[in-house]
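Down below is the structure, laid out as structure tokens.
Letters A, B, ... are given to chains in the order of the sequence lines, protein chains preceding strands, and every chain is numbered from 1. Fair warning: this is a prediction, and the values are worked out from it, not measured in the lab.
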Amino acid sequence: MPELPEVETVRRGLAANIVGEKFKKIEVRHERATSKNSLARIESLSGAKVLEVNRRGKFLWLTFNRPEVLVAHLGMSGQFLIQPKSAADEKHLRARFVMKRNELRFIDQRTFGWLSVETLSDGVPSSAAHIALDPFDEEFDLTRAVNRFSARKTQVKKALLDQEVISGVGNIYADESLWRARIHPETRIEKLKSAKIQELIQCASEVMTEALSQGGTSFDDLYINVNGESGYFERSLAVYGQEGEPCPRCGTAIKRISFSNRSSHFCPKCQPTPRKSGK
DNA sequence: ACTAGCACCTGATCGC
DNA sequence: TGCGATCAGGTGCTAG
């Protein structure tokens with residue numbers, strides 16, 4: 001579910017609600033939610049006070065008044081909610097962090113999300129060490145990102161989704177970025193000039209910035225912020241989920257194709273199929 | 001070293 | 001009404 005704008009929305013919500021709070025009691029209710037740790041390892045953070053909520057790409061982590069950090073990934077359906085203690089347990093409640101006045105809850109229908117206790121190395125938890133900087137990071141270097149991108153020998157959309165090239169982009173914003181840059185998702189990277197790749201990365205950064213300003217994209221209640229509210233960027237999507245709808249630029253019907261087990265949405269006129277010559 | 005493909009889950013929806 | 005097939009905002013492991 002959540003891509004960079006949604007995860008950043010969650011990060012901001014957490015920062016506003018739990019920084020300075022102490023986890024008085026932690027209860028983990030699902031083995032798969034703990035990633036590589038034991039339930040006991042997560043629960044051993046009880047008593048810790050939250051100092052910061054950090055993020056790289058789609059990876060979040062909390063820092064405490066002790067060396068360990070709590071890393072969280074939302075996967076496809078994870079969410080954090082700030083709830084009153086009296087609220088009934090959600091159907092897919094995976095972990096509960098009891099604070100002074102209310103509770104932080106981790107809820108995850110599909111169980112692809114996870115929590116883990118780790119330490120930092122160069123300021124990043126081990127599970128995120130391989131993740132590239134995202135375009136919202138103040139250290140993000142466009143030239144270096146273009147160079148890494150150009151080195152990949154694959155289709156452009158695969159590189160855009162590769163979190164080791166640029167992090168934060170998922171299936172929605174990949175399709176939206178490619179539409180903005182007028183590139184067909186199956187175009188081989190070898191056929192793109194570096195100026196075009198740079199344009200594409202800038203489009204990704206722009207569309208995610210716009211989505212963040214709308215609180216992200218919510219198709220249903222699988223993505224909501226920590227207060228249970230939806231984002232409004234769905235109404236601004238040009239191609240994702242718009243199969244058969246007119247392209248906002250030229251009016252041609254949007255197409256959907258499937259490759260590497262995911263859907264890609266694009267305008268067949270603005271983003272013409274690449275020629276297959278000379279691979 | 002690098003890439004493609006699939007496995008990991010639950011639930012909603014659609015066609016028969 | 002039911003039942004199988006398909007689809008869903010992601011990542012990591014493995015085979016080649």
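- Residue A/Asn261 contributes atom CG, which lies 10 Å from atom C1' of B/dA4 at whole-angstrom precision.
- Minimum heavy-atom separation, A/Ser35 to A/Leu115: CB-O, 3.4 Å.
- Considering only side-chain N and O atoms, A/Lys153 lies nowhere under 4.0 angstrom from the phosphate OP1 or OP2 of B/dT3.
- Comparing the P positions of C/dA5 and B/dA7 gives a spacing of 15 Å, expressed to the nearest Å.
- Contact between the side-chain N/O atoms of A/Arg110 and the OP1/OP2 oxygens of B/dG11 is not found at any separation under 4.0 Å.
- If you take CZ of A/Arg32 and C1' of B/dC8, they are 5 Å apart, rounded to a whole angstrom.
- Minimum atom distance to the side chain of A/Thr111 is reached by B/dC9, of the listed B/dT3, C/dT11, B/dC9.
- Taking 4.0 angstrom as the limit, A/Arg262 places a side-chain polar atom (N or O) nearer than this to OP1 or OP2 of C/dG10.
- The two residues A/Thr252 and A/Pro268 make their nearest non-hydrogen contact at CG2-CG, 3.8 Å.
- Residue-level contact check: A/Tyr173 touches neither bases nor backbone, having no heavy atom under 4.0 Å from any strand.
- Rounded to an integer number of Å, the gap from NE2 of A/His73 to C1' of C/dG12 is 11 Å.
- Comparing the same atom, P, in C/dC3 and in B/dC9 gives a spacing of 24 Å after rounding to whole Å.
- Listed pair A/Lys91 / B/dT10 fails the phosphate criterion, with no side-chain N or O lying under 4.0 Å from OP1 or OP2.
- Salt-bridge check for A/Glu8 with A/Arg12: passed, with a basic side-chain N closer than 4.0 Å to an acidic carboxylate O.
- The distance between atom CG of A/Asp108 and atom P of B/dC9, rounded to the nearest whole Å, is 12 Å.
- Among all heavy-atom pairs drawn from A/Asp134 and A/Arg55, the shortest one is OD2-NH1, 3.0 Å.
- OP1 or OP2 of B/dA4 sits under 4.0 Å from a side-chain N or O of A/Thr154.
- The interatomic distance linking A/Lys157 (NZ) with B/dG5 (P) rounds to 15 Å, in whole Å.
- What separates NZ of A/Lys158 from C1' of B/dT3 is a distance of 8 Å, to the nearest Å.
- At the phosphate of C/dT11, OP1 or OP2 sits under 4.0 Å from a side-chain N or O atom of A/Gln163.
- A/His130 comes within contact range of the sugar-phosphate backbone alone, with a heavy-atom separation under 4.0 Å but no base atom that close.
- Summarising the geometry, the separation between CD1 on A/Ile172 and P on C/dC7 is reported as 17 Å, rounded to the nearest angstrom.
- OP1 or OP2 of C/dA8 has at least one side-chain nitrogen or oxygen of A/Ser263 nearer than 4.0 Å.
- With both ends at atom P, the span from B/dC6 to C/dT6 equals 14 Å, rounded to whole Å.
- For A/Asp162 and C/dG10, the CG to C1' distance is 12 Å, given to the nearest whole Å.
- Contacts of A/Ser260 with the nucleic acid, taken as non-hydrogen atoms under 4.0 Å apart, are absent.
- In this structure, A/His92 does not reach the B/dC9 phosphate: none of its side-chain N or O atoms is under 4.0 Å from OP1 or OP2.
- Exactly one of A/Arg105, A/Gln79, A/Gln109 qualifies for a side chain to side chain donor-acceptor pair (under 3.5 Å) with A/Glu90. That residue is A/Arg105.
- Pair check for B/dC9 finds none; no Watson-Crick or G-U wobble contact set falls under 3.5 Å.
- Remark: ring of A/Phe112 stacked against base of C/dG10; centroid gap under 5.5 Å, plane tilt under 30°.
- Between A/Leu178 and A/Phe266, the closest side-chain pair of non-hydrogen atoms is not below 4.5 Å.
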